Amino acid sequence: MFAKKLLAATLIAGLACGSAFSATVSEGTGVGKHGDITVKVTLDNDKLQKIEIVKQHENPVLAEKVFTDLKDEVIARNSTDVDAISGATFSSKGFLDAVNDAVAKAGVKLVKADKKLIKKVEKALPLVNNYDVVVVGAGGAGFSAAIEAKMHGANVVLLEKMPTVGGNSLISGAEMNVAKNWVQPKLGINDDSPELHAKDTFKGGDGKGDMDVINVMTHKALDAAKWCRDELGVKFEDDNLFFFGGHSRKRALIPEGHTGTEFIKKFSAKAEKLGIPVITEMKAEELIMKNGRVVGVKASSHGVEYTFNAKNGVILATGGFGANPEMVKRYNPKIDERFKTTDAPGTTGEALYMAERAGAQLVNMGYIQTYPICDPISGVIELIADARFDGAVMLNQDGKRFVEELGRRDVLSHAILDQPGGYCWVLWNDKIGNISNTVKEHQTEYEAFTKQGIMTHCKDLKCIADFTKMPLGQLKATVDRVSSMTGKGNDKDFHHRAGLVDLSQGDYYVIKAVPSTHHTMGGVRINAKGEVLTADGKVVPGLWAAGEVTGVTHGTNRLGGNAYTDIIVFGRLTGEAAAKAK
Ligand code: ADP
């Protein structure tokens with residue numbers, strides 16, 4: 001899987017500082033999460049002098065430390081026998097493979113430096129720290145909360161247990177549902193409203209969401225999106241929207257690049273500008289209580305315990321528990337070991353128990369969403385297959401459609417698992433692909449999935465049938481039938497709500513997909529102000545929660561595009577409330 005390219009090593013001989021030296025320069029390649037990583041190493045005999053990154057397409061936030069801290073450590077230890085950056089395992093492995101490849105081509109065997117000689121620079125952080133507001137978890141909700149708290153005059157700190165910030169918010173497609181947004185009129189959509197958005201959300205969650213909380217989310221959505229655009233500088237596409245399953249209107253704004261990287265980069269820049277300390281590798285372990293009020297956080301970093309006192313209170317923004325398979329199975333035994341996860345590795349939910357110990361009620365914990373279209377190997381979402389929102393069809397191994405492609409995620413996931421082999425193929429052509437350009441937007445996914453052998457690009461259906469092993473006759477029959485039922489209201493088989501699109505002409509793209517655990521709808525009970533509640537409905541003083549850690553907004557099922565609306569609206573709202581709290 002981790003194929004390596006052969007590149008020649010070159011030997012440079014010369015004079016440096018008046019003494020003779022012999023340096024070898026060699027290039028090597030490994031495969032990261034988003035394609036090839038190529039490095040150039042400079043060696044002096046068997047000692048690494050320098051590593052330059054020639055090419056890489058890794059996530060700039062998630063993999064940042066691979067090309068800084070990990071690189072420095074490899075040089076300091078003169079070894080690739082080092083721990084991967086947690087949360088960036090694939091990128092780390094690709095980088096280390098590339099270094100190993102380069103070194104091997106130079107014909108060198110690295111001799112490890114003596115561990116005792118390598119001094120780790122520890123952060124000079126006091127063991128006790130005093131703030132007005134402590135925000136736990138540096139995803140979209142946490143950043144929104146911290147920035148808003150700071151902008152309302154609070155002295156605030158943001159704690160993150162992983163080495164890098166972003167959580168699920170970083171790796172998400174990051175589309176954001178906003179009724180009455182500025183793009184809708186350009187697409188002729190003039191009849192949307194926050195009320196309709198709320199109705200869709202409530203219905204999409206089978207009536208189990210809290211309508212007061214939902215209404216806050218949908219009514220404050222436009223203001224939140226404008227804040228992202230105007231205050232943070234988030235760039236949205238200004239002529240296109242996503243139409244996620246379960247919505248009655250096309251209303252999801254699309255960030256540039258179609259991922260959360262655009263948001264998290266802008267969040268980080270704003271936090272830095274405002275002087276908000278963002279402390280990574282700092283895990284909140286316990287909430288400190290005094291006279292029934294939350295007054296701080298006990299946290300740990302590399303075995304050292306730190307205290308963060310919070311004069312006004314603490315905001316929990318620790319995300320869900322989708323990457324904790326034991327916890328998922330505990331609350332929903334149907335989602336067992338067969339499921340991989342789309343989630344960031346920090347999404348392990350211990351903070352929910354921390355909140356429970358402080359008096360919070362955990363609700364709706366069994367409602368766990370699986371995302372239908374994911375990589376069968378790693379479990380990550382195939383953003384490239386978002387062509388589904390523009391008309392791509394889902395086929396089983398027999399070459400037949402089996403579900404309405406814009407149905408709810410839970411409906412699609414179960415339908416896929418009911419098909420032979422428990423997987424499906426997503427098929428689209430250029431006519432569909434050209435609408436949102438997902439192949440171009442996610443070029444690195446295209447390269448990685450193609451290399452992995454689960455995706456291909458073909459001129460005709462024969463080639464698609466050869467690749468997928470679907471029967472050509474049935475595949476053609478399905479494509480003909482789809483092409484004969486195009487346009488809204490004409491899909492007699494599965495009632496595609498946006499209308500099928502003509503598939504009769506190529507080029508074609510196809511990708512194999514399975515469902516993965518994606519979003520945990522349950523969590524901490526909150527009210528419409530984001531205050532955390534006990535089982536008998538009383539507020540836990542000094543404790544707010546925002547984002548996926550909360551459990552009352554989405555009911556049984558979160559609609560696509562509502563996570564970003566939720567995290568930004570409630571992040572901001574709790575940040576302001578905590579800043580103003582006495
Ligand atoms: P949301 O979408 O609700 O903002 P994310 O998943 O994007 O949620 O972000 C949650 C962040 O919280 C992740 O980066 C995760 O690593 C972090 N986190 C989870 N538990 C803790 C904890 N106990 N201490 C500090 N950070 C945590």
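Computed from a prediction, not measured in an experiment: that's the story for all the values here. Ligands are counted one by one from 1 in listed order, and the atoms in each one are counted from 1 as well.
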Hey, are Asp375 and Lys340 close enough for a salt bridge, meaning a charged N less than 4.0 Å from a carboxylate O?
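No, this pair does not count.
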Once the angle between the rings of Phe242 and Phe244 is folded into 0 to 90°, is it parallel (under 30°), tilted (30 to 60°) or perpendicular (over 60°)?
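Because their plane-to-plane angle is over 60°, the rings of Phe242 and Phe244 count as perpendicular.
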Measure the acute angle between the ring planes of Phe267 and Trp227, then classify it against the limits of 30° and 60° as parallel, tilted or perpendicular.
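Phe267 vs Trp227 ring planes: tilted.
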Checking Lys270 against Ser144: is there a side-chain donor and acceptor pair closer than 3.5 Å?
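No pair is found: no donor N or O on one side chain lies under 3.5 Å from an acceptor on the other.
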Would you say the side-chain atoms of His442 and Asp386 include a donor-acceptor pair closer than 3.5 Å?
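Looking only at side-chain atoms, Asp386 and His442 do not form any donor-acceptor pair under 3.5 Å.
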Mind checking what residues have non-hydrogen atoms under 4.0 angstrom from ligand 1?
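Protein residues near ligand 1 are Val136, Gly137, Ala138, Gly139, Gly140, Ala141, Leu159, Glu160, Lys161, Met162, Gly166, Gly167, Asn168, Ser169, Met282, Lys283, Ala284, Ala317, Thr318, Gly319, Gly346, Gly547, Glu548, Ile567.
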Rounded distance (nearest 0.5 Å) linking atom CD of Glu237 with atom CD of Glu441
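Nearest 0.5 Å value for the CD-CD distance: 5.5 Å.
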